**Q** 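Let me give you the structure first, and then I'll get to my questions.
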Amino acid sequence: MCVQPKPTAVTDDVPSRRLTTKRAKAETAAIFAVFALYAAFLLKLLLFSRVPGSERSINLIPFASIAEYAFSHSPGTEKVAFANVVGNILTFIPLGVYASWLRHRAAAWPTILTVASVSVAVEIIQSVFAVGASDIDDVILNCVGGLIGMLAFWLLSAILRERSRERTAMGVFSLLSMPVWVYFFFIIRLHM
């Protein structure tokens, strides 16, 4: 005969749990709000920064644009190449982080597929409305950025080891990045 100990009523934990729930909701709201601001910036940068019909070109040969940048010796190409390559990577790092957070514990492929799908959709829309150069190299570079973001999130996840801590860290990083996204979205005029 085994005697089970009686569970004790914990009244002190109830306010703590409510506080945690309110805090979790606030963190989640902050993450989604900043993600929405990032998505709006992405749309502005990739689709609404040019006049429709202003530019239409398509490159379906992988690494052709990158090779052109690397082997071109014309003046001014270095700045354009750097801005294009690094810009495409940096712009999609947050998407890799947010997609990883939303798809917690998912395999890498679904997250990279999400980033690639967004990138391909942007390139198709740019081609249809002639608001930019549709380039397979952009998709490749965007996926590299998404992969970097995914790996950064996995590193953060491995360090923190708890979903609640990940949410708190994502909330803090999101709030810290908010002034940057506001600056990019409202202050910088994007005419490319």
Side-chain angles (χ1 to χ4, degrees), residues 19-55 79-104 106 111-112 114-126 128-135 137-157 159-160 163-192:
L19 179 63
T20 303
T21 303
K22 287 180 183 178
R23 180 177 161 187
K25 287 179 182 178
E27 291 167 349
T28 303
I31 292 167
F32 280 108
V34 174
F35 178 71
L37 189 59
Y38 162 73
F41 164 72
L42 209 57
L43 287 172
K44 180 181 178 182
L45 173 69
L46 300 174
L47 300 177
F48 299 117
S49 63
R50 299 172 188 104
V51 178
S54 63
E55 179 183 354
K79 288 181 182 179
V80 172
F82 181 80
N84 189 29
V85 172
V86 174
N88 276 310
I89 292 171
L90 290 178
T91 302
F92 274 74
I93 288 175
L95 184 59
V97 172
Y98 283 113
S100 296
W101 182 75
L102 289 170
R103 300 174 149 275
H104 187 66
T111 304
I112 291 299
T114 300
V115 172
S117 297
V118 169
S119 183
V120 167
V122 165
E123 296 300 320
I124 290 171
I125 293 169
Q126 284 180 338
V128 168
F129 293 104
V131 291
S134 298
D135 195 338
D137 290 351
D138 288 350
V139 174
I140 293 167
L141 294 170
N142 294 342
C143 288
V144 168
L147 181 64
I148 291 169
M150 184 182 70
L151 293 174
F153 178 79
W154 283 2
L155 178 63
L156 177 73
S157 183
I159 292 169
L160 298 177
R163 183 74 171 154
S164 63
R165 288 182 180 175
E166 290 172 12
R167 185 186 54 246
T168 300
M170 285 291 293
V172 168
F173 289 143
S174 293
L175 289 175
L176 289 175
S177 71
M178 184 182 284
V180 173
W181 298 122
V182 168
Y183 177 76
F184 283 151
F185 188 76
F186 291 109
I187 309 296
I188 291 182
R189 301 269 186 236
L190 298 171
H191 298 291
M192 304 173 123

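We use all heavy atoms of the structure for the numbers below, so side chains are in, but hydrogens, waters and symmetry mates are not. Quantities reported herein were computed from a predicted structural model and do not represent experimental measurements. The residues of the chain are indexed from 1 along the displayed sequence.
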**Q** Which value, rounded to the nearest 0.5 Å, describes the distance between L46 atom CG and T91 atom OG1?
**A** 6.5 Å
**Q** Grab the two heavy atoms, one from A169 and one from L160, that are nearest each other, plus how far apart they are.
**A** CB-CD1, 3.6 Å
**Q** How many angstroms lie between CG in L102 and OG1 in T114, if you round to the nearest 0.5 Å?
**A** 9.0 Å
**Q** Have a look at F41 and tell me which of F35, W181, F186 forms a ring-ring contact (aromatic ring centres under 6.0 Å, His included) with it.
**A** W181
**Q** I need the D135 CG to N84 CG distance, nearest 0.5 Å.
**A** 7.5 Å
**Q** In Å, rounded to the nearest 0.5 Å, how long is the span from OG1 of T21 to CZ of R23?
**A** 11.5 Å
**Q** Measure the shortest side-chain to side-chain distance between V34 and F173 over non-hydrogen atoms and say whether it is less than 4.5 angstrom.
**A**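 No, their side chains stay 4.5 Å or more apart.
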**Q** So, S134 side chain and E123 main chain: donor-acceptor pair closer than 3.5 Å or not?
**A** yes
**Q** So among R167, E166, K22, which one has a side chain to side chain contact (heavy atoms under 4.5 Å, CB included) with E27?
**A** R167
**Q** Distance check, rounded to the nearest 0.5 Å: I31 atom CD1 versus Y98 atom OH?
**A**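 So the gap between those two atoms works out to 7.0 Å.
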**Q** Can you confirm whether F184 sits close enough to L45 that some side-chain heavy atom of one is under 4.5 Å from a side-chain heavy atom of the other?
**A** no
**Q** Would you be so kind as to tabulate the donor-acceptor pairs closer than 3.5 Å made by side chains of residues 138-154, with sequence neighbours excluded?
**A**
residue, atom, partner, partner atom, Å
D138, OD1, N88, ND2, 3.0
N142, ND2, S119, OG, 2.7
N142, ND2, D138, O, 3.0

**Q** Less than 3.5 Å apart, any donor N or O on the side chain of S174 or Y38 sitting next to an acceptor on the other?
**A** no
**Q** Give, for atom CZ of F32 and atom CE of M170, the distance between the pair rounded to the nearest 0.5 Å.
**A** 9.5 Å
